[in-house]
2 protein chains.
Amino acid sequence: MTVMETTTARTDTCAGPPQQNRRPDGDDHYTISEVVAFTGLTAHTLRWYERIGLMPHIDRSHTGQRRYTNRDLDWLDLVGKLRLTGMPVADMVRYAELVREGDHTYVERFELLKTTREDVLARIDELRGTLAVLDRKISFYADAGRALASERSR
Amino acid sequence: MTVMETTTARTDTCAGPPQQNRRPDGDDHYTISEVVAFTGLTAHTLRWYERIGLMPHIDRSHTGQRRYTNRDLDWLDLVGKLRLTGMPVADMVRYAELVREGDHTYVERFELLKTTREDVLARIDELRGTLAVLDRKISFYADAGRALASERSR
DNA sequence: CGCTTGCTTGGAGTGCACTCCAGGGTTCTA
DNA sequence: TAGAACCCTGGAGTGCACTCCAAGCAAGCG
C-alpha cells in the first residue's frame with residue numbers, strides 16, 4: 001500500500017480552494033502567459049523556478065513550448081503560500097526535491113512543514129510586538145496633534 | 001510652543017521598555033562594540049546605517065572613535081522594530097530625515113506610521129492565511145502517518 | 001617597547017531573488 | 001501569407017541589505 005502517491009502528488013496539491021477559470025483535468029494545458037495571469041509571477045520567474053528545481057519539468061508542446069497542467073498550478077499555489085511565509089527559495093527547492101524523491105521522504109517533509117509552522121507563529125508574534133510599539137508612537141503623535149489643534153484654536 | 005522637541009527627540013525614542021546595562025544619562029558613551037552587544041547588529045552595519053543617513057552623526061572621542069549615547073540606542077531600538085515590520089531601509093531613512101527636519105514634518109511622520117501599521121496588520125493576516133494552509137497539510141501528513149502506523153502494526 | 005585588540009575609512013564583494021537581453025523560432029489574426 | 005504577438009535559451013544584470021577588505025591609527029598590557 002502506498003500512503004501518498006507521488007505520481008499524482010495529492011499530498012502536495014491540497015493547498016487550498018481551487019482557482020477559478022481553470023479547465024477541467026484532461027484538457028488542462030496552459031501557456032506560460034496564462035500561468036502568469038493565474039499566479040501573478042512573471043514568465044521569467046516561472047522559467048527560473050523550473051531551472052532551479054522548484055518546479056518539476058513542465059510538459060512541452062510538440063514545438064517545445066511549456067504547457068502547464070492543473071497540478072502545476074496547484075504546486076505554484078503552495079509555493080506562493082510558502083513564499084509568503086518568508087521561506088527561502090532554497091528551502092522550497094529542498095521540499096520540492098523531497099516530493100520528487102517519493103514516499104520515503106514523508107517524515108522529513110512533515111518535519112519541514114512543522115518547522116515552518118513554528119516560524120510563522122513566531123513571525124506573527126514578532127509583528128504583534130512591533131504593532132504595539134507602532135500603536136504607542138501613533139497615539140503619542142495623535143496626542144501631540146490634539147495639543148497642536150487646541151493651541152491653534154486658542 | 002513646540003509640541004515635539006527635535007533636539008531631545010522624545011517623539012522618536014518612546015519605542016518601548018529601556019534596555020538593561022545602560023549607563024545613566026550624562027555618562028552614556030558607548031563604543032561601537034558595546035552597541036554591537038546591545039543591538040545584535042554588526043559594527044559594519046552600524047557604520048553603514050550612519051553613512052546612508054539612517055543614524056544621526058554620532059559623537060566622536062578626541063581620537064575620532066564613535067561614542068554612542070542612550071538616545072542613539074533608543075533610536076536603534078526603533079529602527080530594529082521598523083526593520084522587523086519589513087519596512088525597506090530607504091523608508092526608514094526617509095523617516096530619519098523627517099525627524100531631522102523638525103516639527104513641521106509631524107503630519108508626514110504620523111501618516112507614515114499609520115501606513116506602516118496597516119502594512120503590519122495586512123502582513124499578519126497574510127501569515128494567518130498561510131498558517132491555515134500549513135495546518136491543513138500538516139494534518140494531512142499526520143493522518144497519512146497514522147495510516148502508515150496502523151499498516152505497519154497489522 | 002612590542003604585541004594584541006579595537007577602531008577608522010572608502011570602496012569592493014556577497015547572497016538572494018529575481019529581471020532582463022539578444023537572437024532566434026512559433027502561433028494567431030486579418 | 002504577412003505581421004504582430006508570443007515563446008525559447010543561456011547568460012548577464014539589477015536592487016537590496018548588508019559584509020568584507022586593506023591599510024593604517026590608537027589604546028591597554030606585561
Side-chain angles (χ1 to χ4, degrees), chain A residues 27 29-69 72-73 75-76 78-97 116 119 123 126 130, chain B residues 29-69 72 75-76 78-97 116 119 123 126 130:
Chain A
D27 61 57
H29 331 275
Y30 308 93
T31 66
I32 200 165
S33 59
E34 286 175 302
V35 178
V36 165
F38 278 134
T39 62
L41 298 169
T42 71
H44 295 302
T45 302
L46 287 167
R47 295 193 199 101
W48 179 67
Y49 277 3
E50 197 178 333
R51 249 195 312 208
I52 64 175
L54 184 51
M55 293 289 296
H57 282 295
I58 301 299
D59 291 348
R60 299 301 178 108
S61 72
H62 68 106
T63 56
Q65 298 195 350
R66 287 173 181 79
R67 294 293 177 258
Y68 292 82
T69 64
D72 296 326
L73 294 182
W75 175 253
L76 282 169
L78 175 63
V79 165
K81 291 294 182 190
L82 293 180
R83 203 171 48 125
L84 284 180
T85 68
M87 182 188 278
V89 167
D91 290 4
M92 292 192 274
V93 170
R94 176 77 191 126
Y95 185 78
E97 280 167 359
T116 304
D119 291 349
R123 182 86 182 102
E126 211 172 59
T130 68
Chain B
H29 332 276
Y30 308 94
T31 65
I32 199 165
S33 59
E34 285 175 305
V35 178
V36 165
F38 279 135
T39 62
L41 298 168
T42 70
H44 296 302
T45 301
L46 287 167
R47 294 193 199 102
W48 179 67
Y49 277 3
E50 197 178 334
R51 250 196 312 210
I52 65 175
L54 184 51
M55 294 289 296
H57 283 295
I58 301 299
D59 292 348
R60 299 302 178 107
S61 73
H62 68 105
T63 56
Q65 298 195 350
R66 287 173 182 77
R67 292 295 177 258
Y68 292 81
T69 63
D72 296 324
W75 174 253
L76 282 169
L78 175 62
V79 165
K81 292 293 181 191
L82 292 179
R83 204 171 47 125
L84 285 179
T85 69
M87 182 188 279
V89 167
D91 290 3
M92 292 193 273
V93 170
R94 175 79 191 124
Y95 186 78
E97 280 167 0
T116 304
D119 292 348
R123 183 83 182 104
E126 213 172 58
T130 67

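Atoms considered below: every heavy atom in the structure, side chains included; atoms not considered: hydrogens, waters and symmetry mates. What you see is a predicted model, and the numbers here were worked out from it, not measured in a lab. Letters A, B, ... mirror the listed sequences (proteins, then strands); counts begin at 1.
Taking CG of B:L41 as the reference point, atom CZ of B:R83 lies at 5.5 Å (rounded to 0.5 Å). Atom CD of B:Q65 and atom OG1 of B:T31 lie 8.0 Å apart (nearest 0.5 Å). To the nearest 0.5 angstrom, B:L54 atom CG is 5.5 Å from B:M92 atom CE.
Side chains of B:T116 and B:D119: no donor on one and acceptor on the other come within 3.5 Å.
Rounded to whole Å, the distance from NE2 on A:H44 to C1' on C:dA22 is 12 Å. If you take CH2 of B:W48 and P of C:dT8, they are 18 Å apart, rounded to a whole angstrom.
Residue contacts for B:R47: at a heavy-atom cut-off of 4.0 Å it reaches a base atom on one of the strands shown. Across all strands shown, A:R51 has heavy atoms under 4.0 Å from base atoms, whether or not it also approaches the sugar-phosphate.
Residue B:T31 is the one, among B:T31 and A:P88, whose nearest nucleotide of DNA chain C lies closer to the 5' end (criterion: closest heavy atom). Comparing A:R66 and B:V89, the nucleotide of DNA chain D nearest to each residue sits closer to the 5' end for A:R66.
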Per-nt protein contacts along nucleotides 25-30 of chain C (heavy atom under 4.0 Å; B base, S backbone sugar-phosphate only, - none) come out as -SS---
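Two residues are said to be in side-chain contact when any heavy atoms from C-beta on lie closer than 4.5 Å; A:Y68 and A:E34 fail this criterion. Residues B:T45 and B:Y49 meet the side-chain proximity criterion, which asks for heavy atoms closer than 4.5 Å.
Where DNA chain D meets chain B (any atom under 4.0 Å from a heavy atom), the bounding nucleotides read 5' to 3' are D:dA17 to D:dA27.
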Decide yes or no on side chain to side chain contact (heavy atoms under 4.5 Å, CB included) for B:F38 and B:L76, but give the supporting numbers first.
CA-CA 10 Å; B:F38 279 135; B:L76 282 169; over 6 Å; no
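Between A:E126 and A:R123, at least one side-chain nitrogen of the basic residue sits less than 4.0 Å from a carboxylate oxygen of the acidic one, meeting the salt-bridge criterion.
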